[in-house]
Amino acid sequence: MPLGDPAHGPELQEQLSPSPEAVAQSAQPESRLRSLNPGPIPITAAPTSRSLLDKVSDQRDVIASHQSENGTISTVSSTVSSVESERATYEFLAQTPIKSTDAHLVEFSEAMRTVAKALRQVAEGKAAAQAEAAEWKRKYELETAQKQQSKMKDCGSCTDDNLEKLARQITLETPASDQTACCGNHEICSHEVLRDEVPGSSRRSSHKMVGRKASFKLSWGCNGNKNGQHKHDFVSFEKGDITTAERSNKQILLKWESQPQTVLFITKPNSNSVRVLCAEMVRWLKENKNINVLVEPWVSKELLTQDTDRNLVQTWDNDEETKMLHTKVDLVVTLGGDGTVLWAASLFKGPVPPVVAFAMGSLGFMTPFPSEQYRDCLDNVLKGPFSITLRNRLQCHVIRDAAKDELETEEPILVLNEVTIDRGISSYLTYLECYCDSSFVTCVQGDGLIISTTSGSTAYSLAAGGSMVHPQVPGILFTPICPHSLSFRPLILPEYVTLRIQVPYNSRGHAWASFDGKDRKQLAPGDALICSISPWPVPTACLVDSTTDFLRSIHEGLHWNLRKTQGPLDGSA
């Protein structure tokens, strides 16, 4: 029952009403404080449950204090007044302002929960993306570390004096066979690209392969002339402008510093003309140049059946000796087509000696020398200097999904033309995810993808719509095979990037990778193929120079841009 209920009678109301003296006494200090400290401007706000309880409790305490001072309240009336105060509190809390405030609070809390849920989803997506990016970064760092381990570990740095001397002479000196230091700052250092040993290889010599390697030097120039065209690129920063001061023609010359001692012959199989020419060239080199000739084991057996002197040629017996070929061979001679050159390059897992390729095949983009003039050609090469083309190779690693980390890769594969990822016998589209370093490139949906060197730009990549590129242009070709897209055009990427081609887990079928047309490997969902430029290019000798040989090959081999000449307007011949 409320406190002001008439049922309590006039006696209880009289007891609850304070005396005039008490009101006057209590009003004096309040008026004094009000005069000293004017109160703040009141702001109307919805009362809370705790404020209402405190207010009712204060009122009850004030009433009790006044009644105790008057001495007119009994124990029973005090109990009744406390019960009535509690009932009044609950009735006051049930009023409309509290309900409306609670409704607003519920609505506000629902909105805050919705915002929190959205923020949580965004945070989870960002965390997942960061975790995935960190995982790819870790994998590429492992791949980079593995590549660096394959290079020379104790490669020194050039001093400023050496750089000034290099700028004056513009020549690259080949270090001695027992020297391991390298400047590392030259554009092309023969110790790096044509050095005498691969990391980790032993110096065991075979009794069937004799002689030490001939030393040589590489220099910029044009047909060996020191005529001012053999200059490095210099970049000028004068007055804040970046300009190319002088540009080299980038033609590389090889000059022997000691006479070559050993020549390796690689021949096309199942060809009588090649077999006859090989025997003739071997006898000529041995009798006129006193050069040791090394051939493959099966070629050695064929030559012996032709009553050729057993002492004319040497060979090897096992794979361990094959790994040591680069330490004994000064020059490689190939008799066949481009496939023979590819096979010769595949025998060298590290540095490759200069290759002289005689054209006895079909097209011959890499075989500029005519076989009929082999005496003059070999004379010019053995005397030197002669122009060479440094053809980059791709170094490929297959990483299985079951591998615990990126270091558990299969044996690296070196390719001179291209690596092809296709759908094999599957009837489904090839689905591949492609990454360049840490950047996502695209998803390939089609028959496959070709990762090609510039030397391989006139091979499979050309047939798939890729551009023809000069072999000395440093780059990697990214060419799709029959993509199911109208906007998927081929790319040419810089040679310093690392490409990662991965079969996603949701791919409908497997993919197949082939390396220079052989060594096919199956790629299951989760497997990946990593490709980068190998530190060991293939130096091929030029008949004239790199550009002339390249243009001749596309004119004669492909009949590039061959058409009838447009006649004059007057109709005369």
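In what follows, every heavy atom counts, from backbone to side chain, and hydrogens, waters and symmetry copies are set aside. Fair warning: this is a prediction, and the values are worked out from it, not measured in the lab. We're numbering straight along the sequence, starting at 1.
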Polar side chain donor-acceptor pair, [X] to [Y], under 3.5 angstrom:
X	Y	result
T340	T334	no
T430	R423	no
H470	T547	yes

Taking every non-hydrogen atom, the tightest pair across [X] and [Y]:
X	Y	value
S455	T458	O-OG1, 3.8 Å
F550	P471	CD1-CD, 3.6 Å
M360	S371	CG-CB, 4.0 Å
L331	P354	CD1-O, 3.5 Å
W512	G424	CD1-CA, 3.7 Å
P490	G466	CG-CA, 4.2 Å

Is there a donor-acceptor contact under 3.5 Å from the side chain of [X] to the main chain of [Y]?
X	Y	answer
N380	D376	yes
T548	D545	no
N392	I533	no
S534	W536	yes
S514	R520	no
Q445	L429	no
S457	M468	no
S546	C542	no
T389	R391	no
T453	L416	yes

Is there a side-chain contact between [X] and [Y], using heavy atoms and a 4.5 Å cut-off?
X	Y	answer
L254	F386	yes
W316	L294	yes
F369	V356	yes
H397	P412	yes
L493	L499	yes
F265	V282	yes
V332	I266	yes
E433	I501	no

Between R500 and I399, does the side chain to side chain contact (heavy atoms under 4.5 Å, CB included) criterion hold? Intermediate values first, please. CA-CA 10 Å; R500 181 186 183 95; I399 302 177; 4.3 Å; yes
Would you say [X] has more than 12 foreign heavy atoms packed within less than 6.0 Å of its [atom1]?
X	atom1	value
H555	NE2	yes
K255	NZ	no
W256	CH2	yes
R508	CZ	no
R489	CZ	no
K518	NZ	yes
F440	CZ	yes

[atom1] of [X] to [atom2] of [Y]: how many Å apart, nearest 0.5 Å?
X	Y	atom1	atom2	result
T540	L390	OG1	CG	8.0 Å
R400	D527	CZ	CG	5.0 Å
L449	D422	CG	CG	10.5 Å
K349	S346	NZ	OG	5.5 Å
L264	T315	CG	OG1	9.0 Å
F348	L325	CZ	CG	5.0 Å

Given I450, T479, D447, V415, the one that forms side chain to side chain contact (heavy atoms under 4.5 Å, CB included) with T420: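 Only one option passes, and that is I450.
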Lys/Arg N to Asp/Glu carboxylate O, [X] vs [Y], below 4.0 Å:
X	Y	value
R138	E135	yes
D516	R393	no
D379	K289	yes

Apply the test side chain to side chain contact (heavy atoms under 4.5 Å, CB included) to residues V333 and M281: give CA-CA distance (whole Å), side-chain angles for both, the deciding distance (0.1 Å), then the verdict. CA-CA 10 Å; V333 175; M281 294 177 68; 4.1 Å; yes
Output, in order, the C-alpha distance, side-chain angles, deciding distance and verdict of side chain to side chain contact (heavy atoms under 4.5 Å, CB included) for N417 and Y460. CA-CA 9 Å; N417 265 0; Y460 196 178; over 6 Å; no
Verify side chain to side chain contact (heavy atoms under 4.5 Å, CB included) between L382 and L285, making sure each step is shown before the conclusion. CA-CA 11 Å; L382 294 175; L285 284 174; 4.2 Å; yes
